[in-house]
Amino acid sequence: MKSMINTWRHVFKLDPDRTIADEQLEAVCLSGTDAIMIGGSSGITYDNTVDLMSRVRQYELPCVLEVSDLEAVVPGFDLYLIPMVLNAADPSWLIGRHSEAVERYGYLIPWEMVVPEGYLILNADSTAGQVTGADAAMSASRAAAYGQAGERLMSLPVIYVEYSGKFGDMELVAEVKHSLEQARLFYGGGIVDASTAADAAAVSDTVIVGNIIYSDLDKALETVQAVKGTSFQQA
Ligand code: 1GP
């Protein structure tokens, strides 16, 4: 089950705290994307998560939850992705909240469906950047070192370079990618059309597209073809 992430090139991330009409949701789910990730940084509740999951479940593609709030963990997803923020100022975002969750609910956790993600938050102004106090100003070599430490020291299967809301530094992303041997590199942030999607696809394994779904659906749909069929290009 967990290995499904290794085939994903393009993922749409939907936010349970935002409204999407049935027609638009259908277009997203039938777009040819590889999976739907449900998650967000604020306003996530059990009710809005279960509501969105059941709507996405009408379609055949994988639907995974990126857990940001323990109260909003809903059964029925294909996988549970757990962000561990490698560059958070406060270690509670790296492992503290996680260990509290294990202490409280460990006996309920379906570990075979849990995939940890080593997050590198590189847009300090994003909600995730502000909430976690991430130390976002770093050189490409430092970012690559974080990625390698996450992969080699923590055995994380995913390193997620997150610029949420802003298109990132593709040279930095490429350097992180080159530092990894096993972990998959997820890139997200500021993909708004086919061109930004193709640029991100050239330097990462999996491209995550979020905000543009809500502001320009046609542009969001263009990103699928721009990413799929391309492969990561070894520089
Ligand atoms: C956010 O990485 C995702 O968590 C996608 O970013 O919303 O900027 O597309 P955008």
Side-chain angles (χ1 to χ4, degrees), residues 5 8-20 24-25 27-28 31 33-44 48-49 52 56 63-69 72 77 79-88 93 115-132 134 136 143 146-147 150 156 158-170 172-173 176-177 183-201 203-224 226-227:
I5 64 167
W8 295 346
R9 279 292 281 154
H10 182 283
V11 172
F12 276 130
K13 190 186 276 197
L14 293 175
D15 184 343
D17 194 33
R18 298 177 83 169
T19 305
I20 184 164
Q24 295 178 326
L25 186 66
V28 166
S31 63
T33 188
D34 295 307
I36 301 293
M37 187 185 295
I38 292 185
S41 302
S42 64
I44 312 300
N48 61 24
T49 302
L52 186 55
V56 172
C63 181
V64 302
L65 179 66
E66 187 171 61
V67 177
S68 57
D69 187 334
F77 283 92
L79 290 178
Y80 295 85
L81 308 188
I82 312 294
M84 302 178 72
V85 183
L86 301 176
N87 62 330
W93 297 100
V115 178
E117 303 171 304
Y119 252 70
L120 214 41
I121 297 181
L122 296 179
N123 178 5
D125 298 330
S126 64
T127 308
Q130 299 209 328
V131 168
T132 62
Y146 264 108
L156 294 167
V158 174
I159 299 296
Y160 191 141
V161 179
E162 170 68 296
Y163 278 92
S164 181
K166 172 177 129 181
F167 194 63
D169 174 348
M170 291 300 115
L172 178 150
V173 180
V176 177
K177 169 66 189 162
R184 205 161 168 89
L185 191 144
F186 283 14
Y187 171 81
I191 293 174
V192 291
D193 53 21
S195 159
T196 44
D199 288 350
V203 291
S204 48
D205 296 309
T206 304
V207 167
I208 320 281
V209 177
N211 272 307
I212 194 71
I213 300 165
Y214 298 94
S215 52
D216 189 336
L217 182 61
D218 289 340
K219 292 274 186 211
L221 296 173
E222 276 179 13
T223 66
V224 179
V227 169

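First listed ligand is number 1; within each ligand, the first listed atom is number 1. Along the sequence shown, residues are numbered consecutively beginning with 1.
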- prompt: Is the side chain of Thr206 donor-acceptor paired with the backbone N or O of Trp8 at a distance under 3.5 Å, no angle test?
  reply: yes

statement: Counting from 1 in the order shown, the ligand 1 atoms closer than 4.0 Å to a non-hydrogen atom of Gly189 are 2 (O), 5 (C), 6 (O), 8 (O)

- request: State whether the side chain of Arg9 and the backbone N or O of Thr33 hold a donor-acceptor pair below 3.5 Å, judged by distance alone.
  value: no

- line: ligand 1 to Glu162, heavy atom cutoff 4.0 Å, flagged ligand atoms 1 (C), 2 (O), 3 (C), 4 (O)

- request: Could you name the option among Tyr160, Phe167, Phe12 that has the heavy atom nearest to atom 3 (C) of ligand 1?
  value: Tyr160

message: Could you check whether any side-chain heavy atom of Ile213 comes within less than 4.5 Å of a side-chain heavy atom of Ile20, counting everything from C-beta outward?
response: yes

- prompt: Is ligand 1 under 4.0 Å from a heavy atom in the side chain of Tyr163, in the backbone, in both, or in neither?
  reply: neither

- prompt: For atom 9 (O) of ligand 1, what's the nearest protein heavy atom and its distance?
  reply: Gly210 N, 2.9 Å

task: Using a strict 4.0 Å cut-off to heavy atoms of Lys13, name the atoms of ligand 1 that fall inside it.
output: 1 (C), 4 (O)

statement: One finds that the ligand 1 atoms under 4.0 Å from a non-hydrogen atom of Gly188 are 2 (O)

- prompt: Do Asn211 and Arg18 have side-chain N/O donor and acceptor atoms under 3.5 Å apart?
  reply: yes

- request: Check the side chains of Tyr119 and Glu66 for a donor-acceptor pair under 3.5 angstrom, ignoring hydrogens and angles.
  value: yes

- prompt: Do any nitrogen or oxygen atoms of Tyr119 lie less than 3.5 angstrom from nitrogen or oxygen atoms of ligand 1?
  reply: no

query: Is the closest heavy atom of Tyr187 to ligand 1 under 4.0 Å?
result: no

field: Heteroatom distance test (Gly165, ligand 1): nitrogen or oxygen, under 3.5 angstrom
entry: yes

task: Before giving the answer on salt bridge (charged side-chain N to carboxylate O under 4.0 Å, His left out), spell out for Lys177 and Asp205 the whole-Å C-alpha distance, their side-chain angles and the decisive distance to 0.1 Å.
output: CA-CA 8 Å; Lys177 169 66 189 162; Asp205 296 309; 2.8 Å; yes

field: Heteroatom distance test (Lys166, ligand 1): nitrogen or oxygen, under 3.5 angstrom
entry: no

query: Quick one: do the Asp199 and Thr196 side chains pair a donor with an acceptor below 3.5 Å?
result: no

message: Using a plain distance cutoff, I'd like to know if Gly190 has any nitrogen or oxygen under 3.5 Å from a nitrogen or oxygen of ligand 1.
response: yes

query: What about Ile191: any of its N or O atoms under 3.5 Å from an N or O on ligand 1?
result: no

message: Keeping Tyr187 on the side-chain end and Gly189 on the backbone end, is there a donor-acceptor pair under 3.5 Å?
response: yes

message: I'd like to check which ligand 1 atoms, numbered from 1 as shown, lie under 4.0 Å from a non-hydrogen atom of Asn211.
response: 7 (O), 8 (O), 9 (O), 10 (P)

field: Side-chain donor or acceptor of Asn87 paired with backbone N/O of Ile121 under 3.5 Å
entry: yes

query: What do you reckon, does Ser164 have a nitrogen or oxygen under 3.5 Å from a nitrogen or oxygen of ligand 1?
result: no

message: Has Ser126 got a side-chain atom pairing as donor or acceptor with Gly129's backbone, closer than 3.5 angstrom?
response: yes

